[in-house]
Amino acid sequence: IVMTQTPPSLPVTPGEPASISCRSSRTLLETDDGEIFLDWYLQKPGQSPQLLIYTLSYRASGVPDRFSGSGSGTDFTLKISRVAAEDVGLYYCMQRVEFPWTFGQGTKVEIK
Amino acid sequence: QVLLVESGGGVVQPGRSLTLSCAGSGYSFSSYGMHWVRQAPGKGPEWVAVTWYDGSNEQYADSVKGRFFISRDNYNNKLFLQMNSLRAEDTALYYCARDSGYRAFRMEVWGQGTTVTVSS
């Protein structure tokens, strides 16, 4: 499954909202429980990727509630309600519906 | 706290082999699935392989299937990646990551990585 993210680069103003799109080449099917295995990672400069959102919309431990995930089928979105300076970095979506797990190519979020 | 430390990276010639290690601490190593993920310079992450908590199942990326082998030593809390027939395109920073559960659910904790350079 090929994951495609847009935009590749996203200049943002602190305090303003931001949105990243992720599209899968095939429908990410829901489980019997209605879950979609689509995750979002943030890689801050010089760091390892860190889990941000898992199973479409669940925030990982310690992740601020300004981050939210949504979507269905082949279209998924990560939203930041009010961007903070510490949110800069590379954002990746990743599907784990089937092996091999695959990442998007990334969206670079930077402050204007 | 949970800590993952990779080692074993280096410069290796094409066609040769290399084995990476990942030492886990701060948690019950034998209870969790473990992954390898790599990131080529300037590129996004690429999932490489996963092993179930007890080593009973493994899955691989197509790009490494038949060349790379993931294994674990639960007695010594270590994860391994044996890489054979290395190619220039295997050059990357290799991370180990702990799963959130006993097999393959999600990658919850990552190490800092070890660098592999394949070059003559």
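Order of the sequence lines fixes the chain letters, A, B, ..., with proteins taken first and strands second; residue numbering starts at 1 for each chain.
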Got A:Thr31 and A:Phe37 here, is their nearest side-chain heavy-atom distance under 4.5 Å?
-> yes
Hey, can you tell me if [X] and [Y] have their rings parallel, tilted or perpendicular (30° and 60° cut-offs)?
X: B:His35; Y: B:Trp47; value: perpendicular
X: B:Phe29; Y: B:Tyr27; value: tilted
X: B:Phe68; Y: B:Tyr94; value: tilted

Proximity breakdown for [X] and chain A, heavy-atom pairs closer than 4.5 Å:
X: B:Ala97; value: neither
X: B:Gln39; value: side chain
X: B:Val37; value: side chain
X: B:Val48; value: neither
X: B:Gln112; value: both
X: B:Lys65; value: neither

Looking only at heavy atoms and a cut-off of under 4.5 Å, which of [options] has the most pairs with chain B?
options: A:Gln105, A:Arg96, A:Gln50, A:Met94; result: A:Arg96
options: A:Leu90, A:Leu51, A:Thr55; result: A:Leu51
options: A:Gly104, A:Pro100, A:Ser48; result: A:Ser48

Using a cut-off of under 4.5 Å on heavy-atom pairs, state which of B:Ala49, B:Gly113, B:Ala104 scores highest against chain A.
-> B:Ala104
Looking at A:Arg66 and A:Glu86, does any basic side-chain N land under 4.0 Å from a carboxylate oxygen?
-> yes
Could you tell me whether B:Arg87 and B:Asp90 make a salt bridge, using a distance below 4.0 angstrom between a side-chain N and a carboxylate O?
->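 Answer for the salt bridge query: no.
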Verify the cluster assignment for B:Met107 and B:Tyr95: are they in a single hydrophobic cluster under the rule of side-chain heavy atoms below 4.5 Å apart?
->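 The answer is yes; both residues are in one hydrophobic cluster.
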Using non-hydrogen atoms only, which part of A:Gln43 is less than 4.5 Å away from chain B: side chain, backbone, both, or neither?
-> side chain
Give the intermediate values and the outcome of side-chain hydrogen bond (donor to acceptor under 3.5 Å, both in side chains) for residues B:Ser17 and B:Gln82.
-> CA-CA 7 Å; B:Ser17 298; B:Gln82 181 182 343; 5.6 Å; no
